[in-house]
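Structure first, then comments.
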Amino acid sequence: ALQMFNPHWSGLRAALLNGLIGLATHGFPMLLFFIGREILRTPRQIAGVFYLLITLSIVMALYGVYQYQQGYDYVVGLGAGFKTTINRELLWRSDDYDAKVFRPVSFAPDAGTASSFYAVGILLAGALLTTARMSFAAQWGLVAGIGTMFVALCLTLVRSSMVGTLLGLGAVVTVGRRSMRTGIALVSLGLLVAMIEDPTGGMLTERFKSGFR
């Protein structure tokens with residue numbers, strides 16, 4: 001709450017406005033959590049919500065990657081709202097202010113929200129991998145989904161989500177009952193992702209490293 005009402009935005013009035021927006025944005029999902037806790041009781045119901053959120057996050061990730069491949073002109077051509085959002089989300093390389101880096105938002109209102117969906121999907125998929133009994137095909141389907149969501153997450157260039165997701169996966173693998181199989185799958189996936197060339201011309205690597213500072 002203190003951060004949302006931070007007067008450093010541009011003044012007290014802007015801080016109050018942003019704070020109220022922040023409370024609406026974050027307070028409503030908190031209320032839904034307590035409602036959901038009363039409704040969702042059985043492990044099967046909870047797993048069903050997990051799979052629903054993972055599926056939605058994967059669909060978002062696929063479209064986010066597609067947007068990035070199609071480029072800036074494609075996304076701003078979708079409408080005035082997309083153009084406003086994309087222009088607001090552009091980043092400039094620190095060593096060349098003329099080099100703009102495009103951040104795909106997929107179906108989300110901004111890159112930060114998109115990265116949060118991917119982070120949630122990745123951590124829920126990791127939780128299922130380490131706890132649920134499932135077929136070999138289902139296991140690798142979740143691993144492929146994690147890979148897709150992580151690529152889309154990296155393209156948003158949101159440092160807190162990248163670092164938080166890695167720390168969260170570490171925690172999930174550490175406490176899970178089937179951590180060995182999950183750990184091997186995720187390490188293999190990590191090595192594969194690491195071999196992919198940075199599509200942002202170095203901006204991704206730079207922001208990822210700065211996230212740990």
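For the atom pair CG of Asn18 and CG of Leu23, the computed distance is 11.0 Å after rounding to the nearest 0.5 Å. Between the OG atom of Ser106 and the CG atom of Leu155 there is a distance of 11.0 Å, given to the nearest 0.5 Å. The CZ atom of Phe82 lies 8.0 Å from the OH atom of Tyr74; values are rounded to the nearest 0.5 Å. Here the CG-CD1 distance, from Asp73 to Ile86, works out to 11.5 Å after rounding to the nearest 0.5 Å. Here the straight-line distance linking atom OG1 of Thr148 with atom OH of Tyr118 works out to 10.5 Å at 0.5 Å rounding. Distance check: Ile122 CD1 to Leu142 CG gives 12.0 Å after rounding to the nearest 0.5 Å.
In this structure, a donor-acceptor pair under 3.5 Å is present between the side chains of Ser115 and Ser161.
Between Phe107 and Phe117, a ring centre-to-centre spacing not shorter than 6.0 Å is recorded.
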Does the side chain to side chain contact (heavy atoms under 4.5 Å, CB included) test come out yes or no for Met162 and Leu204, once each step is laid out?
CA-CA 10 Å; Met162 288 189 282; Leu204 171 58; 3.7 Å; yes

Apply side chain to side chain contact (heavy atoms under 4.5 Å, CB included) to the pair Glu89 and Asp110, showing each step before the final yes or no.
CA-CA 7 Å; Glu89 295 294 307; Asp110 52 57; 3.6 Å; yes

Would Leu129 and Ile146 count as a side chain to side chain contact (heavy atoms under 4.5 Å, CB included) if you check the C-alpha gap in whole Å, the side-chain angles of each, and the deciding distance to 0.1 Å?
CA-CA 11 Å; Leu129 279 172; Ile146 289 175; 3.9 Å; yes

Please determine whether side chain to side chain contact (heavy atoms under 4.5 Å, CB included) holds for the pair Leu90 and Arg103, giving the CA-CA distance in whole Å, both sets of side-chain angles, and the decisive distance to 0.1 Å.
CA-CA 6 Å; Leu90 287 174; Arg103 301 199 290 176; over 6 Å; no

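In terms of heavy atoms, Ala24 sits closest to Pro29 at O-CD, 4.3 Å. Closest non-hydrogen pair, Ala114 versus Thr156, comes out as CB-CG2, 4.4 Å. Considering every non-hydrogen atom in both Ile39 and Gln45, the closest pair reads O-OE1, 3.7 Å. Closest approach of Met30 to His26, counting heavy atoms only: CG-O, 3.2 Å.
Leu52 and Val49 sit in two unconnected hydrophobic clusters of ILVMFWY residues. Membership requires side-chain heavy atoms under 4.5 Å apart, directly or through other members. When the side chains of ILVMFWY residues are joined at heavy-atom separations under 4.5 Å, either directly or via intervening members, Phe150 and Tyr66 end up in a single hydrophobic cluster.
Ring-plane geometry between Tyr68 and Phe102 is classed as parallel, the angle between the planes falling under 30 degrees on a 0 to 90 degree scale with a further cut at 60.
Side-chain atoms of Thr113 do not come within 3.5 Å of backbone N or O of Pro109 as any donor-acceptor pair.
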